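Atoms considered below: every heavy atom in the structure, side chains included; atoms not considered: hydrogens, waters and symmetry mates. Just so we're clear, the structure is a prediction, and the values are computed from it rather than from any experiment. Order of appearance sets the numbers: ligands from 1, and atoms from 1 within every ligand.
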Amino acid sequence: MDVRLTRAGNRMIGLAMMMLVSAVIGTVVVAAAKSPAKPATPAPPAAAPATATATATPTKTPLPTKYVVLTFDDGPDVEYTPKVLEILAKYDAKATFFEVGQNIQKHPELTKRVHDAGHSVENHTWTHADLRKLSATAFRQQIMSTDQAIRAQIGSTPGCLRPPYGAVNAAVQQRAKALGKDLVVWTVDSRDWTKPGTTAIVQRVIKNVHSGSVILMHDGGGNRSQTIAALPLILKTLKAQGYGFRTLTC
Ligand SMILES: [Zn+2]
């Protein structure tokens, strides 16, 4: 994947970082990590059209300046989500979970558990739909029903939307914006969903990571035993390299 990164941010603290990421189809979306300061300065006009702008939210504890954003997609899953939570707790790491509405409906208690453990729960559509292929009405239903399922468990509405497959076009961007959502993809794809083996997953992440990386992994959507095996090694290595962990809010 062709990944371009540009950075802008809150110069006063130097922490708020905007990442412009070319998705698989070449469309640009924006991710922002949570900052301890006031709302981040809006990103300057970008070369690419229709970029979404995420804002940072205040928090009490200082956040690491060298950090990664761990993201887990396609859950919650009754087998793998608790295991991911257990490993994250062991390494004192917080992550962002992009959950699928129909999976929340099956195990709403897991969504609450993820949130209660201090992680961020965000929107990944109701059926893991390719948003480019939907009518305006279907798009809205996918997002709003998932919002509602999340809100029922955590008491707030997610502002981040991760488009399944990273599939974005101008209509998706416009519709997401109209619903108040910031589209968020990733900068490092572990490709854990291809089940390449634990070592391959670990190496792909560690080789490509740098401060500000948004790392894609999965806690649902299939057999994630390789992800579960890789995660402690990834966290151990990142911590040894001095990385902290931030979560996404939009
Ligand atoms: Zn997904």
Side-chain angles (χ1 to χ4, degrees), residues 1 3 19 21-27 29-31 52 54 68-85 88 95-108 110-111 114-115 119-134 138-139 141-147 149-150 153 158-169 172-173 175-176 179 181-196 201 204-205 208 213-228 230-231 234 247-250:
M1 186 171 78
V3 174
M19 289 163 286
V21 182
S22 291
V24 280
I25 59 166
T27 307
V29 298
V30 177
V68 296
V69 177
L70 303 168
T71 66
F72 294 90
D73 287 13
D74 299 358
D77 180 277
V78 71
E79 180 171 2
Y80 300 110
T81 302
K83 289 178 180 171
V84 169
L85 291 177
L88 291 173
T96 302
F97 290 73
F98 287 93
E99 296 192 343
V100 172
Q102 63 184 6
N103 294 341
I104 301 171
Q105 190 175 42
K106 287 179 204 160
H107 295 286
L110 287 175
T111 297
V114 169
H115 171 75
H119 306 291
S120 178
V121 178
E122 303 294 337
N123 194 319
H124 197 38
T125 78
W126 186 261
T127 63
H128 205 266
D130 184 336
L131 293 172
R132 298 169 303 180
K133 299 178 178 173
L134 301 181
F139 183 102
Q141 285 172 345
Q142 285 275 342
I143 307 312
M144 300 294 274
S145 56
T146 305
D147 272 356
I150 292 173
Q153 298 307 315
C160 305
L161 169 62
R162 175 164 281 171
Y165 320 104
V168 178
N169 62 15
V172 170
Q173 290 181 322
R175 289 169 180 173
L179 291 175
K181 301 298 183 211
D182 290 325
L183 293 168
V184 177
V185 286
W186 53 86
T187 64
V188 177
D189 185 354
S190 71
R191 294 183 63 79
D192 59 342
W193 55 276
T194 66
K195 300 171 191 168
I201 294 170
R204 189 169 283 127
V205 171
N208 294 300
S213 289
V214 178
I215 302 170
L216 172 63
M217 292 177 280
H218 294 80
D219 65 322
N223 185 324
R224 302 304 178 212
S225 55
Q226 292 185 6
T227 307
I228 299 301
L231 188 55
I234 290 169
T247 57
L248 290 171
T249 54
C250 300

### Task
Validate the cation-pi geometry between Arg162 and Phe98: distance from NZ or CZ to the six-membered ring centre under 6.0 Å, angle to the ring axis within 45°.
yes
### Flag side-chain contact, heavy atom, 4.5 Å: Gln142 against Thr127
yes
## Note on the structure
Here the pair of heavy atoms bringing Tyr165 nearest to Trp186 is C-CH2, 4.0 Å
### Query
Yes or no on side-chain contact (heavy atoms from CB on, under 4.5 Å) for Asp219 and Asp77, after CA distance, side-chain angles and deciding distance?
CA-CA 7 Å; Asp219 65 322; Asp77 180 277; 5.5 Å; no
### Message
Less than 2.8 Å away from the Zn ion (ligand 1), how many protein N/O/S atoms can be counted, ignoring water?
### Response
3
### Query
Should we say atom CH2 of Trp126 is surrounded by more than 12 heavy atoms from elsewhere, each under 6.0 Å from it?
yes
### Message
Could you walk me through whether Val168 and Gln173 satisfy the side-chain contact (heavy atoms from CB on, under 4.5 Å) test, starting with their C-alpha distance in whole Å, then the side-chain angles of each, then the deciding distance to 0.1 Å, before giving a yes or no?
### Response
CA-CA 7 Å; Val168 178; Gln173 290 181 322; 3.4 Å; yes
